[in-house]
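Given the structure is predicted, the values throughout are model-derived calculations rather than measurements.
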Amino acid sequence: MLNNAIDNVDFQQQLAAVSDAQINAQRQALGWDEDNFVGIYCGSLYPDKRLDQLFEIADIVHASAPQFRLLIVGSGAQQPYVEQMCSSRPWAHFAGGRHGAEKAVLFRMSALTLCPGAVGLNILDAFISGVPLLTMASAKHGPEIGFMRNGVDGYLINDSVPAYAHKVLQLMADPESLHALQQQALQAATVYTVENMADNFVEGIVRCLQARKPVSGVARA
(Lines give C-alpha, C1' and ligand atoms only; values in the text may rest on other atoms or scores of the structure.)
Protein backbone atom coordinates (compact mmCIF):
# COMPACT_ATOMS: atom_id res chain seq x y z
CA MET A 1 0.00 0.00 0.00
CA LEU A 2 1.46 3.36 -1.01
CA ASN A 3 -0.22 5.40 1.76
CA ASN A 4 -0.92 8.44 -0.41
CA ALA A 5 0.44 11.68 1.09
CA ILE A 6 1.46 15.21 0.21
CA ASP A 7 4.50 17.21 1.27
CA ASN A 8 3.56 18.63 4.65
CA VAL A 9 6.96 19.82 5.84
CA ASP A 10 5.98 23.47 5.38
CA PHE A 11 2.78 23.04 7.39
CA GLN A 12 4.68 21.28 10.18
CA GLN A 13 7.15 24.17 10.33
CA GLN A 14 4.34 26.73 10.27
CA LEU A 15 2.57 24.98 13.14
CA ALA A 16 5.79 24.88 15.16
CA ALA A 17 6.34 28.59 14.57
CA VAL A 18 2.93 29.69 15.89
CA SER A 19 3.34 31.65 19.13
CA ASP A 20 0.98 31.98 22.08
CA ALA A 21 0.74 35.68 21.24
CA GLN A 22 -0.55 34.85 17.75
CA ILE A 23 -3.14 32.45 19.16
CA ASN A 24 -4.29 35.01 21.73
CA ALA A 25 -4.51 37.71 19.06
CA GLN A 26 -6.66 35.44 16.88
CA ARG A 27 -8.93 34.63 19.81
CA GLN A 28 -9.34 38.33 20.62
CA ALA A 29 -10.17 39.08 16.99
CA LEU A 30 -12.97 36.51 17.16
CA GLY A 31 -14.13 37.53 20.62
CA TRP A 32 -13.24 34.09 21.97
CA ASP A 33 -11.08 33.16 24.97
CA GLU A 34 -8.89 30.26 26.07
CA ASP A 35 -11.80 28.58 27.84
CA ASN A 36 -13.61 28.10 24.55
CA PHE A 37 -13.44 24.66 22.97
CA VAL A 38 -12.92 25.05 19.23
CA GLY A 39 -13.98 22.50 16.63
CA ILE A 40 -12.53 23.29 13.20
CA TYR A 41 -13.73 22.31 9.75
CA CYS A 42 -11.10 22.87 7.06
CA GLY A 43 -11.74 21.91 3.46
CA SER A 44 -13.79 22.52 0.36
CA LEU A 45 -17.42 23.53 0.76
CA TYR A 46 -19.63 21.19 -1.25
CA PRO A 47 -22.52 18.79 -0.54
CA ASP A 48 -20.49 15.59 -0.03
CA LYS A 49 -18.90 17.27 2.99
CA ARG A 50 -22.32 17.19 4.75
CA LEU A 51 -22.12 20.77 5.97
CA ASP A 52 -25.80 20.70 6.88
CA GLN A 53 -25.07 17.89 9.32
CA LEU A 54 -22.04 19.78 10.61
CA PHE A 55 -24.32 22.62 11.71
CA GLU A 56 -26.84 20.20 13.20
CA ILE A 57 -24.05 18.63 15.24
CA ALA A 58 -22.67 22.00 16.27
CA ASP A 59 -26.11 23.17 17.42
CA ILE A 60 -26.51 20.11 19.65
CA VAL A 61 -23.02 20.46 21.10
CA HIS A 62 -23.34 24.19 21.77
CA ALA A 63 -26.76 23.73 23.42
CA SER A 64 -25.16 21.35 25.95
CA ALA A 65 -21.76 23.05 26.17
CA PRO A 66 -21.99 26.83 25.57
CA GLN A 67 -18.20 27.12 25.57
CA PHE A 68 -18.11 25.30 22.22
CA ARG A 69 -17.09 27.29 19.15
CA LEU A 70 -17.25 26.26 15.49
CA LEU A 71 -14.59 27.51 13.08
CA ILE A 72 -15.02 26.89 9.35
CA VAL A 73 -12.12 27.33 6.95
CA GLY A 74 -12.42 26.85 3.20
CA SER A 75 -14.17 27.88 0.02
CA GLY A 76 -16.46 26.35 -2.56
CA ALA A 77 -19.94 26.19 -4.00
CA GLN A 78 -21.67 26.14 -0.60
CA GLN A 79 -19.93 29.22 0.75
CA PRO A 80 -23.13 31.35 0.72
CA TYR A 81 -24.89 28.65 2.77
CA VAL A 82 -22.04 28.53 5.29
CA GLU A 83 -21.94 32.31 5.58
CA GLN A 84 -25.69 32.40 6.20
CA MET A 85 -25.55 29.68 8.86
CA CYS A 86 -22.63 31.29 10.67
CA SER A 87 -24.27 34.73 10.61
CA SER A 88 -27.15 33.39 12.73
CA ARG A 89 -24.81 31.71 15.24
CA PRO A 90 -22.61 34.12 17.23
CA TRP A 91 -20.49 31.17 18.36
CA ALA A 92 -19.67 30.09 14.78
CA HIS A 93 -17.18 31.82 12.49
CA PHE A 94 -16.50 31.45 8.79
CA ALA A 95 -12.86 32.33 8.09
CA GLY A 96 -12.88 31.74 4.33
CA GLY A 97 -9.89 30.19 2.62
CA ARG A 98 -6.74 30.21 4.71
CA HIS A 99 -3.35 28.78 3.88
CA GLY A 100 0.13 28.55 5.29
CA ALA A 101 0.83 30.40 8.52
CA GLU A 102 -2.75 31.70 8.78
CA LYS A 103 -4.14 28.17 8.62
CA ALA A 104 -1.56 27.00 11.16
CA VAL A 105 -2.74 29.54 13.74
CA LEU A 106 -6.35 28.40 13.33
CA PHE A 107 -5.42 24.76 13.83
CA ARG A 108 -3.31 25.59 16.87
CA MET A 109 -6.32 27.17 18.59
CA SER A 110 -8.53 24.16 17.80
CA ALA A 111 -9.07 20.87 19.64
CA LEU A 112 -10.96 18.67 17.16
CA THR A 113 -11.44 18.52 13.40
CA LEU A 114 -15.13 18.11 12.59
CA CYS A 115 -15.94 16.72 9.14
CA PRO A 116 -19.04 14.51 9.05
CA GLY A 117 -18.77 14.16 5.28
CA ALA A 118 -16.15 13.08 2.78
CA VAL A 119 -12.59 12.75 4.07
CA GLY A 120 -9.55 12.73 1.82
CA LEU A 121 -6.10 14.20 2.29
CA ASN A 122 -7.54 16.62 4.85
CA ILE A 123 -6.99 13.83 7.37
CA LEU A 124 -3.27 14.68 7.14
CA ASP A 125 -3.93 18.22 8.43
CA ALA A 126 -5.67 16.64 11.42
CA PHE A 127 -2.74 14.33 12.08
CA ILE A 128 0.03 16.86 11.57
CA SER A 129 -1.62 19.46 13.79
CA GLY A 130 -2.64 16.98 16.48
CA VAL A 131 -6.27 18.05 16.02
CA PRO A 132 -7.93 14.63 15.52
CA LEU A 133 -10.73 14.16 13.03
CA LEU A 134 -14.26 12.87 13.58
CA THR A 135 -16.30 11.74 10.59
CA MET A 136 -19.19 9.48 9.64
CA ALA A 137 -18.69 5.96 8.35
CA SER A 138 -21.13 6.20 5.44
CA ALA A 139 -19.72 9.37 3.84
CA LYS A 140 -18.10 9.29 0.39
CA HIS A 141 -14.56 9.02 1.68
CA GLY A 142 -11.37 8.81 -0.30
CA PRO A 143 -8.94 5.93 0.31
CA GLU A 144 -7.15 8.09 2.90
CA ILE A 145 -9.89 7.25 5.43
CA GLY A 146 -8.01 3.97 5.80
CA PHE A 147 -5.26 5.89 7.59
CA MET A 148 -7.51 6.40 10.62
CA ARG A 149 -7.32 4.00 13.55
CA ASN A 150 -10.87 4.33 14.82
CA GLY A 151 -10.92 5.28 18.48
CA VAL A 152 -7.13 5.70 18.54
CA ASP A 153 -6.26 8.77 16.44
CA GLY A 154 -9.77 9.77 15.32
CA TYR A 155 -13.34 8.52 15.20
CA LEU A 156 -15.39 6.92 12.44
CA ILE A 157 -18.93 7.30 13.74
CA ASN A 158 -22.08 5.55 12.57
CA ASP A 159 -24.36 7.69 10.40
CA SER A 160 -26.02 9.53 13.28
CA VAL A 161 -25.96 13.24 14.07
CA PRO A 162 -26.80 12.63 17.78
CA ALA A 163 -24.06 9.99 18.08
CA TYR A 164 -21.53 12.34 16.50
CA ALA A 165 -22.52 15.20 18.80
CA HIS A 166 -22.38 12.85 21.79
CA LYS A 167 -18.81 11.85 20.95
CA VAL A 168 -17.75 15.51 20.72
CA LEU A 169 -19.34 16.20 24.11
CA GLN A 170 -17.66 13.12 25.58
CA LEU A 171 -14.24 14.31 24.48
CA MET A 172 -14.92 17.83 25.72
CA ALA A 173 -15.73 16.40 29.15
CA ASP A 174 -12.71 14.06 29.24
CA PRO A 175 -9.47 16.03 28.73
CA GLU A 176 -7.30 12.96 29.32
CA SER A 177 -8.96 10.96 26.54
CA LEU A 178 -8.84 13.98 24.25
CA HIS A 179 -5.13 14.47 24.94
CA ALA A 180 -4.41 10.80 24.22
CA LEU A 181 -6.32 11.06 20.93
CA GLN A 182 -4.36 14.18 20.00
CA GLN A 183 -1.03 12.52 20.77
CA GLN A 184 -1.93 9.50 18.66
CA ALA A 185 -2.86 11.80 15.78
CA LEU A 186 0.59 13.39 15.98
CA GLN A 187 2.14 9.93 15.94
CA ALA A 188 0.14 8.99 12.83
CA ALA A 189 1.56 12.05 11.07
CA THR A 190 5.02 10.45 11.19
CA VAL A 191 3.73 7.47 9.19
CA TYR A 192 1.90 9.20 6.35
CA THR A 193 4.63 11.29 4.74
CA VAL A 194 5.80 11.83 1.16
CA GLU A 195 9.09 10.18 2.05
CA ASN A 196 7.37 7.03 3.31
CA MET A 197 5.06 7.03 0.29
CA ALA A 198 8.09 7.13 -2.02
CA ASP A 199 9.75 4.30 -0.09
CA ASN A 200 6.58 2.21 -0.39
CA PHE A 201 6.47 2.92 -4.13
CA VAL A 202 10.07 1.83 -4.62
CA GLU A 203 9.55 -1.28 -2.48
CA GLY A 204 6.53 -2.22 -4.57
CA ILE A 205 8.52 -1.92 -7.81
CA VAL A 206 11.37 -4.00 -6.39
CA ARG A 207 8.99 -6.73 -5.26
CA CYS A 208 7.32 -6.74 -8.67
CA LEU A 209 10.66 -7.09 -10.45
CA GLN A 210 11.79 -9.84 -8.10
CA ALA A 211 8.56 -11.75 -8.73
CA ARG A 212 9.29 -11.67 -12.49
CA LYS A 213 12.82 -13.06 -12.20
CA PRO A 214 13.14 -16.37 -14.06
CA VAL A 215 13.69 -19.50 -12.03
CA SER A 216 17.28 -20.69 -12.37
CA GLY A 217 17.69 -23.16 -15.21
CA VAL A 218 14.28 -22.54 -16.71
CA ALA A 219 14.15 -20.77 -20.05
CA ARG A 220 11.58 -18.05 -20.52
CA ALA A 221 9.63 -17.80 -23.77
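Here the side chains of Ser129 and Leu15 are in contact, with some heavy-atom distance below 4.5 Å. For the pair Ile60/Phe68, no side-chain contact is recorded, criterion being any heavy-atom separation below 4.5 Å from C-beta on. Taking 4.5 Å as the limit, some side-chain heavy atom of Ile57 sits within range of a side-chain heavy atom of Met136. Inter-residue side-chain proximity for Arg108 and Asp20 is flagged as met; some heavy-atom pair is nearer than 4.5 Å.
Gln187 is linked by a side chain to side chain donor-acceptor pair (under 3.5 Å) to Arg149, counting only residues two or more places apart in sequence or in another chain. Residues passing the side chain to side chain contact (heavy atoms under 4.5 Å, CB included) test with Ala65, sequence neighbours excluded: Gln67, Leu169, Met172. Partners of Asp59 under the side chain to side chain donor-acceptor pair (under 3.5 Å) rule, at least two apart in sequence or in another chain, are Arg89. For His166, the side chain to side chain donor-acceptor pair (under 3.5 Å) partners at least two apart in sequence or on another chain are Gln170. The side chain to side chain donor-acceptor pair (under 3.5 Å) test applied to His93 returns no partner, not counting sequence neighbours. Applying the salt bridge (Lys or Arg N to Asp or Glu O under 4.0 Å) criterion to Arg98, with sequence neighbours excluded, gives Glu102.
Checked options Val38, Leu178, Ile40; the residue passing with Leu112 is Leu178 (criterion: side-chain contact (heavy atoms from CB on, under 4.5 Å)).
Formation of a donor-acceptor pair under 3.5 Å by the Lys140 side chain with backbone atoms of Asp48 is not found in this model. Side-chain atoms of Asn122 do not come within 3.5 Å of backbone N or O of Gly43 as any donor-acceptor pair. Proximity of a side-chain donor or acceptor of Gln22 to a complementary backbone N or O of Ser19 within less than 3.5 Å is detected. Judged by distance alone, the side chain of Ser75 and the main-chain N or O of Gly96 form no donor-acceptor pair under 3.5 Å. Side-chain N or O atoms of Thr135 include one that pairs as donor or acceptor with a backbone N or O of Cys115 at under 3.5 Å. Between the side chain of Ser88 and the main chain of Met85, a donor-acceptor pair closer than 3.5 Å is present. With Asn8 contributing its side chain and Phe11 its backbone, the two residues share no donor-acceptor pair below 3.5 Å. Side-chain N or O atoms of Gln12 include none that pairs as donor or acceptor with a backbone N or O of Ile128 at under 3.5 Å. For the pair Arg69 (side chain) and Ala92 (backbone), a donor-acceptor distance under 3.5 Å is absent. Tyr164 places no side-chain N or O within 3.5 Å of a backbone atom of Leu54 that could act as its donor or acceptor partner.
Relative ring orientation between His62 and Trp91 is described as parallel, the plane-to-plane angle staying below 30° on a 0-90° scale split at 30° and 60°.
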Side chain to side chain contact (heavy atoms under 4.5 Å, CB included) between Glu176 and Asp174: does it pass, once the steps are laid out? CA-CA 6 Å; Glu176 289 187 7; Asp174 188 353; 3.9 Å; yes
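Both Phe94 and Val61 are members of a single hydrophobic cluster when ILVMFWY side chains are connected at heavy-atom separations under 4.5 Å.
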